[in-house]
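Since the structure comes first, as structure tokens, the remarks are kept for the end.
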Amino acid sequence: TNNDEGHDEPQPKKAKLDTDKRLNMYIYKVLKQVHPDARISNNAINVINNMMLDIFYRVLHQALSLCDMKNSKTITSRDIQSSIRIVLPGEIVKHAIHEGIKALTNFNSKSNSDSTPLPTGGGEVKKSRVSQSDRAGLQFPVSKISTMIRESGNKKVAIGAPIYLSAVMEYLCAEVLELAGDAAKDNNLKVITPRHIAISKQCDEELDTLW
């Protein structure tokens, strides 16, 4: 079958990329937020996955360098924010920082006490667990990003760092998907392909500079 045929959900596919670093599922969720009726090809979703991982490693590289300069053993949200300012160009950085701060604010405002009590078999009340992503109001996986940061650098990871980075990656993902979806619509198509992603970058100077 043609890899550019649209589908309703990303299907498992053999690839060289470590499956632990795949963000396809979360990219698809973001797509449904910005273009609910759109679909995306396997090739296109892999392109966006690689774009998001590129941002992840570029920001992490800067954050690790900042920590080394400070002789710090822990990557914090402030390190991520400073790295974002270095990596992202123009107006994008302002929106990215806004999204990062918003996610941290959401997370801090939703404590475990906000979870809904669930009755257990013994008559006790058990609180439902709320994921870090849900608390931050994000689709991107905070816990997975946290694991990736720990595995990529010999540093401890403060809770705010993966929340901030996840929010920024999700924002950039949404920007690309929105423009790519618009490009597909302009061609009377509902399936986003790598060509539409290329068009979206060409139509946005800052995205074109970033990638």
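One-based numbering along the sequence shown. On a predicted model such as this, the values are computed, not experimentally measured, just so you know.
- With Ser200 contributing its side chain and Leu179 its backbone, the two residues share no donor-acceptor pair below 3.5 Å.
- Distance CZ/Arg39 to OG1/Thr193: 12.5 Å, rounded to 0.5 Å.
- We find the NE2-OG distance between His61 and Ser83 to be 9.5 Å, quoted to the nearest 0.5 Å.
- Between Thr74 and Ala158, the shortest heavy-atom distance links the atoms CG2-N, 3.7 Å.
- Note: Ile197 CD1 to Asn43 CG = 9.5 Å, rounded to the nearest 0.5 Å.
- Closest non-hydrogen pair, Leu177 versus Ile192, comes out as O-CD1, 4.1 Å.
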Practice prompt. Quick one: do Ile45 and Leu31 satisfy side-chain contact (heavy atoms from CB on, under 4.5 Å)? Show the steps, please.
Written response: CA-CA 10 Å; Ile45 207 167; Leu31 171 64; over 6 Å; no

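- The backbone N or O of Leu138 sits nowhere less than 3.5 Å from a side-chain atom of Ser133 that would complete a donor-acceptor pair.
- Atom-to-atom distance recorded for Phe56:CZ and Leu53:CG is 8.0 Å, nearest 0.5 angstrom.
- One finds the CE atom of Met169 at 4.0 Å from the CD1 atom of Ile145 (value rounded to the nearest 0.5 Å).
- Arg22 and Asn46 form a side-chain donor-acceptor contact under 3.5 Å, judged by distance and modelled atom types alone.
- Under 3.5 Å, the side chains of Arg150 and Ser146 contain a donor-acceptor pair of N or O atoms.
- Side-chain atoms of Glu178 do not come within 3.5 Å of backbone N or O of Val34 as any donor-acceptor pair.
- Of all non-hydrogen atoms in Ser166 and Pro141, the two that sit nearest each other are OG-O, 4.0 Å.
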What pairs of donor and acceptor atoms, side-chain ones from residues 202-211 against any protein atom, are under 3.5 angstrom apart with sequence neighbours left out?
| unit_1 | atom_1 | unit_2 | atom_2 | d |
| --- | --- | --- | --- | --- |
| Asp204 | OD1 | Glu206 | N | 3.1 |
| Asp204 | OD1 | Leu207 | N | 3.0 |
| Glu206 | OE1 | Glu91 | N | 3.4 |
| Glu206 | OE1 | Ile92 | N | 3.1 |
| Glu206 | OE2 | Glu91 | N | 2.7 |
| Thr209 | OG1 | Glu205 | O | 2.9 |
| Trp211 | NE1 | Met51 | O | 3.3 |
| Trp211 | NE1 | Asp54 | OD2 | 3.3 |

Practice prompt. Show your working on side-chain contact (heavy atoms from CB on, under 4.5 Å) between Val142 and Phe107 and close with a plain yes or no.
Written response: CA-CA 11 Å; Val142 173; Phe107 183 86; over 6 Å; no

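- The shortest non-hydrogen separation linking Tyr57 to Ser152 is CE2-OG, 3.8 Å.
- Annotation for Cys67 and Ile75: closest pair SG-CG1, 3.7 Å, computed over non-hydrogen atoms.
- Under the salt bridge (Lys or Arg N to Asp or Glu O under 4.0 Å) criterion, Lys70 pairs with Asp79, not counting sequence neighbours.
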Discussion item. Checking His35 against Ile40 for the side-chain contact (heavy atoms from CB on, under 4.5 Å) test, could you report, in this order, the C-alpha distance in whole Å, the side-chain angles of both residues, the deciding distance, and whether it holds?
Written reply: CA-CA 10 Å; His35 285 295; Ile40 187 167; over 6 Å; no

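- Both Ile55 and Val93 are members of a single hydrophobic cluster when ILVMFWY side chains are connected at heavy-atom separations under 4.5 Å.
- Here the NE2 atom belonging to His196 is positioned 9.0 Å from the CG atom belonging to Asp186, to the nearest 0.5 angstrom.
- Partners of Ser131 according to the side-chain hydrogen bond (donor to acceptor under 3.5 Å, both in side chains) rule, which considers only residues two or more places apart in sequence or in another chain, are Asp134.
- A 6.0 Å sphere centred on CZ of Arg195 holds no more than 12 heavy atoms belonging to other residues, nucleotides or ligands.
- Partners of Glu99 under the side-chain hydrogen bond (donor to acceptor under 3.5 Å, both in side chains) rule, at least two apart in sequence or in another chain, are Lys102.
- Considering every non-hydrogen atom in both Gln139 and Tyr26, the closest pair reads O-CD2, 3.3 Å.
- Looking at residues two or more places apart in sequence or on another chain, you find a salt bridge (Lys or Arg N to Asp or Glu O under 4.0 Å) between Asp68 and Lys155.
- Residues satisfying the side-chain hydrogen bond (donor to acceptor under 3.5 Å, both in side chains) criterion with Gln81, sequence neighbours excluded, are Tyr164.
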